[in-house]
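Residue numbers start from 1 in every chain, and the chains themselves are labelled A, B, ... in the order their sequence lines are given, proteins ahead of strands.
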Number of protein chains: 2
Amino acid sequence: MSPPPNPSQPPARASQPNLAKRGDKRVVTDKREAILDAALELFVERGFFGTAVPEIADRAGVGAGTIYRYFESKEALVNAIYREQKTHWGKLVLADFPVAAPTREQFRLLWMRMAQWATENPKAFIFMELHHHQRYLDDQSRALEERMLGLFTAVVVSAQARRELKAGPPQLLMGIVMGAFVGVIRSCVEIDQSLDSADWKLAEQMLWEALRA
Amino acid sequence: MSPPPNPSQPPARASQPNLAKRGDKRVVTDKREAILDAALELFVERGFFGTAVPEIADRAGVGAGTIYRYFESKEALVNAIYREQKTHWGKLVLADFPVAAPTREQFRLLWMRMAQWATENPKAFIFMELHHHQRYLDDQSRALEERMLGLFTAVVVSAQARRELKAGPPQLLMGIVMGAFVGVIRSCVEIDQSLDSADWKLAEQMLWEALRA
DNA sequence: TATCTCGGAATGAACATTCATTCCCCAACG
DNA sequence: CGTTGGGGAATGAATGTTCATTCCGAGATA
């Protein structure tokens, strides 16, 4: 019953700085980060169950055991990635959201921010899409998902109230937009080249025409 | 080296009718069908690697070994499902396609047929979407996919030539439409209730407004 | 030297697949 | 009409493999 190293708190954060004097967190973060990156890629390529933990270790350039110093289990790892990406995404997309702006502007902003983020992190986007609602996501991840969904729903509902969006189940409108967005990402990930900004604008225009009242 | 039963040819078809006099194929088909159905559901719920073969057997109400009388391997099983569904879907959606009709009509027809099929077989639709481009799909399945994609691309390109659809990469337009469609399906599978026809029409209208020139 | 992180072989559980056996159907026979 | 035997379908325990997780010795740090 001797307490094992606590994996939810990466070694360095728990102890005193074990790194170069200058408050340079990287020595610590590096491995954790490498693991997260490798796992993200592999989960996207092969799925959660299709990915073996030692594979993740190989790609991250660490030993298999090391993963368990940073994460309690494979499941904890996937949840960590999910939450980290979702949070990051949410912050970027919703930062300073112009609550009072016309819906047209709001939509353009959301779409373009999403496009930017997804262009820079296409794998991360696909990851979130893929793992959405999977049974290995824990309550905390689900709650996060719910919360973000709620934010978007509120925006949609209020825009509908102002008659700037078509009436209809908010779920439906959001499903269409998010689905289309994923479709766009896929259409470029599959070709393995990123969309140019003209294409993104075209897509934005198309979706707006779909949504507007 | 004694030849094992050939799994690609279900037992009954190879031998004399082993069933009730009346040319009733069901005794044979039943198990194969039950396996396909169970596997489809489980693959949708848990993914390919997340589903254990004996689980499939349980849900199908057969012994684990029986699956291997009908399919060479788990991989062969998933490919069989994929091809069967894709083919079925293609036939239904593209039957008597009105090549000369206005694009508006063509789109309405395609959308509504897809909606009907997906409403009747939501799991099948999600299955196809999920397994699309996975590495356990074999060349034959991929080729089928390509062929169907080609058909749709041709329709889009020719409609663009007639200036009835927006100009832009056909991949992009198709990605948006299919993505949005999946989004709609998801929005109702997740709520676990099927969309009513008004919602389907609304979605169709929205997407058409996105596409039209 | 004392402490702490790492790597990767070792471990036990779970899995896909196999195969010896059972079960079922029916035709032949008494 | 009841019994019996053959043949093939079905089964599920057994098999070898793969995997998530653990463990321990080796280095690094101080």
Side-chain angles (χ1 to χ4, degrees), chain A residues 1-21 26-32 34-35 38-39 42-43 46-79 136, chain B residues 1-7 9-22 24-35 39 42-43 46-79 136:
Chain A
M1 283 294 175
S2 71
N6 179 343
S8 63
Q9 205 64 357
R13 269 198 281 219
S15 55
Q16 318 86 329
N18 62 345
L19 29 78
K21 284 222 178 73
R26 242 170 317 128
V27 174
V28 170
T29 312
D30 262 350
K31 283 197 189 196
R32 190 185 138 95
I35 292 166
L42 282 165
F43 287 152
R46 312 168 188 274
F48 178 71
F49 294 108
T51 302
V53 173
E55 262 180 318
I56 299 174
D58 280 355
R59 188 172 299 197
V62 305
T66 304
I67 288 182
Y68 289 85
R69 301 194 61 74
Y70 292 89
F71 304 96
E72 206 153 288
S73 63
K74 189 185 181 186
E75 209 168 289
L77 171 57
V78 80
N79 276 280
Y136 41 79
Chain B
M1 282 293 174
S2 70
N6 179 344
Q9 204 65 356
R13 271 200 280 221
S15 57
Q16 317 87 328
N18 62 345
L19 30 77
K21 283 226 179 67
R22 199 47 49 86
D24 188 351
K25 290 203 187 167
R26 241 167 321 126
V27 174
V28 170
T29 311
D30 262 350
K31 288 204 179 185
R32 190 185 138 93
E33 214 62 22
I35 293 166
L42 282 165
F43 287 151
R46 309 169 189 275
F48 178 71
F49 295 108
T51 303
V53 173
E55 260 180 319
I56 299 174
D58 281 354
R59 187 172 302 197
V62 306
T66 305
I67 287 182
Y68 290 86
R69 302 194 59 76
Y70 292 90
F71 304 96
E72 207 152 288
S73 62
K74 190 185 182 185
E75 209 168 291
L77 171 57
V78 80
N79 275 279
Y136 41 78

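The distance from atom OH of Tyr70(B) to atom P of dT11(D) is 9 Å, rounded to the nearest whole Å. Going from atom CG of Asp58(B) over to atom P of dA16(C) covers 12 Å, rounded to whole Å. Between the CD atom of Glu55(A) and the P atom of dG7(C) there is a distance of 18 Å, given to the nearest Å. Between the P atom of dG8(C) and the CZ atom of Arg69(A) lies a distance of 15 Å, rounded to the nearest Å. Across the protein-nucleic acid pair, Ile35(B) atom CD1 and dT11(D) atom C1' stand 12 Å apart, rounded to whole Å. Regarding Ile56(A), its CD1 atom lies at a distance of 15 Å from the P atom of dG7(C), rounded to whole Å. Whole-Å rounding puts the Leu77(A) CG to dT21(D) C1' distance at 13 Å. Phe48(B) places its CZ atom 15 Å from the P atom of dT18(D), with the value rounded to the nearest Å.
Considering only the side chain of Val53(A), dA20(D) comes nearest among dG7(C), dA20(D), dT11(D). Of all nucleotides listed (dG7(C), dA16(C), dC19(D)), dC19(D) comes nearest to the side chain of Ala52(A).
Across every non-hydrogen atom of Lys74(B) and Phe43(B), the tightest pair is CE-CE2, 4.3 Å. Scanning both residues, Ile56(A) and Leu77(A), for their nearest heavy atoms gives CD1-CD2, 4.1 Å. For Val62(A) against Ile35(A), the heavy-atom pair with the smallest separation is CG2-CG1, 4.2 Å. Considering all non-hydrogen atoms of both residues, Tyr136(A) and Glu75(A) come closest at O-CG, 3.4 Å.
Toward the 5' end of DNA chain C, the nearer of the two residues Thr66(B) and Lys74(B), judged by each one's closest nucleotide, is Lys74(B).
Base engagement by Ala64(B) is indicated by at least one non-hydrogen atom pair under 4.0 Å involving a base atom.
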